[in-house]
Amino acid sequence: MAILDYMKQIQSDVIANMSEGLIIIDFEGTIRYANTMAVSMLGIGKEELTGGKFASLFLGVPENDAFVQAVLDTIYERGTQQTRIVNYRAGDVIRQLRITSSLWMQEDGKPAGITLILCDLSELMELKYALKAMEKISELNRQLNARNKLLDKTFGQFLSDEIVQELLDTPGGLEPGGKKRIVTIMMSDLRGFTAMSEHMDAGDLI
């Protein structure tokens, strides 16, 4: 095998087995090539995909409108490389794909169609949403701790630790109406307190 043919074979093997999906579509809308990963991502058989018409294969699925639009925009706006992240439904699975599209050039340097590089970001996006959820939970927890500290500081000056803890554990206890209980109330007076308080500032009095 000549070295040139050998290099072409290596290039073909690399493209066929790359971790990203690769699709080549000519300007007539015919899919000229799809590697193994593209077939897997799109959920369409290789025989059906290769040589099929893009419109007949992908139009008519509302969830894939953004995917279709990304391809059409590249066809209409020739010469402009584009990158988008879109949702794509393959059967019961919805993937989030990053599509990088550019012109497919013939050996004579003339554009003959477009190439699409597909990267499945679904797992990364799930991690992103999970991190956002964790951040939200952390913020809610911080707010709850701040609220509990405020209640503890406010009521702790006038109530026992047991009652303050009960208020924190059962916020409904602060609702109007309260609870009916049998209690003992003792009222007492401090000798000379009235006369003394008349000459004191409110802060000192407290």
Side-chain angles (χ1 to χ4, degrees), residues 4-143:
L4 184 59
D5 293 335
Y6 179 68
M7 293 303 295
K8 286 184 177 180
Q9 182 62 47
I10 291 177
Q11 183 182 30
S12 177
D13 291 341
V14 169
I15 291 175
N17 298 292
M18 62 192 289
S19 59
E20 290 83 17
L22 171 64
I23 299 177
I24 299 175
I25 307 172
D26 65 25
F27 287 135
E28 301 299 321
T30 302
I31 299 173
R32 302 288 295 274
Y33 177 81
N35 69 352
T36 302
M37 187 56 68
V39 171
S40 175
M41 287 182 188
L42 299 177
I44 301 175
K46 188 173 183 64
E47 295 77 12
E48 183 181 3
L49 193 60
T50 306
K53 288 293 186 179
F54 179 83
S56 62
L57 289 172
F58 295 100
L59 290 179
V61 182
E63 293 90 341
N64 296 340
D65 285 349
F67 172 79
V68 171
Q69 192 61 52
V71 176
L72 295 179
D73 287 347
T74 305
I75 293 175
Y76 296 142
E77 300 172 15
R78 301 182 186 185
T80 303
Q81 180 172 320
Q82 302 182 29
T83 299
R84 298 186 190 179
I85 297 177
V86 300
N87 288 340
Y88 177 84
R89 175 182 286 278
D92 295 331
V93 178
I94 295 181
R95 294 188 171 93
Q96 291 180 302
L97 303 179
R98 183 184 67 203
I99 304 175
T100 302
S101 55
S102 58
L103 287 177
W104 165 44
M105 310 299 288
Q106 297 184 107
E107 292 183 359
D108 59 5
K110 294 181 180 179
I114 62 170
T115 61
L116 303 176
I117 302 295
L118 310 178
C119 182
D120 191 348
L121 302 180
S122 301
E123 291 185 2
L124 290 177
M125 298 303 284
E126 287 178 5
L127 286 174
K128 178 181 177 181
Y129 295 144
L131 286 173
K132 285 187 176 181
M134 290 298 294
E135 290 174 358
K136 183 64 175 178
I137 291 172
S138 178
E139 175 60 19
L140 291 174
N141 190 52
R142 186 194 66 77
Q143 293 176 10

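Side chains of Leu59 and Phe54 form no contact here, defined as non-hydrogen atoms less than 4.5 Å apart. With contacts defined as side-chain heavy-atom distances shorter than 4.5 Å, the pair Asn87/Arg95 does not qualify. Leu57 places a side-chain heavy atom less than 4.5 Å from the side chain of Ile31.
Tyr88 places no side-chain N or O within donor-acceptor distance of the main-chain N or O of Gln96, the cut-off being under 3.5 Å.
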Please table the atom pairs, donor to acceptor, closer than 3.5 Å between any side-chain atom in residues 63-72 and protein atoms at least two apart or in another chain.
from: Glu63; atom 1: OE2; to: Arg89; atom 2: NE; distance (Å): 3.3
from: Asn64; atom 1: OD1; to: Arg89; atom 2: N; distance (Å): 2.6
from: Asn64; atom 1: ND2; to: Arg89; atom 2: O; distance (Å): 3.3
from: Gln69; atom 1: NE2; to: Asp73; atom 2: OD1; distance (Å): 2.8

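Interatomic distance, CG of Leu116 versus OG1 of Thr100, reported as 9.0 Å (0.5 Å rounding).
Sorted by first and then second residue, the salt bridge (charged side-chain N to carboxylate O under 4.0 Å, His left out) pairs with a member in residues 26-52 read Asp26-Arg32; sequence neighbours excluded.
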> Given the rule in the side-chain contact (heavy atoms from CB on, under 4.5 Å) test, do Ile99 and Leu118 qualify, once you have shown the distances and angles that lead to the verdict?
Replying inline: CA-CA 5 Å; Ile99 304 175; Leu118 310 178; 3.8 Å; yes
> Going through the checks in order, is the side-chain contact (heavy atoms from CB on, under 4.5 Å) test met by Phe58 and Leu42?
Replying inline: CA-CA 10 Å; Phe58 295 100; Leu42 299 177; 3.9 Å; yes
> Leu49 and Val39: side-chain contact (heavy atoms from CB on, under 4.5 Å), yes or no, with the steps?
Replying inline: CA-CA 8 Å; Leu49 193 60; Val39 171; 4.1 Å; yes
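Here Thr115 pairs with Leu22, Ile24, Ser102, Trp104 under the side chain to side chain contact (heavy atoms under 4.5 Å, CB included) rule; sequence neighbours left out.
Among Thr36, Asp120, Ile23, the single residue meeting the side chain to side chain contact (heavy atoms under 4.5 Å, CB included) criterion with Met41 is Asp120.
More than 12 heavy-atom neighbours from other residues, nucleotides or ligands sit within 6.0 angstrom of CZ on Arg84.
Closest approach of Gly21 to Met37, counting heavy atoms only: N-CG, 3.8 Å.
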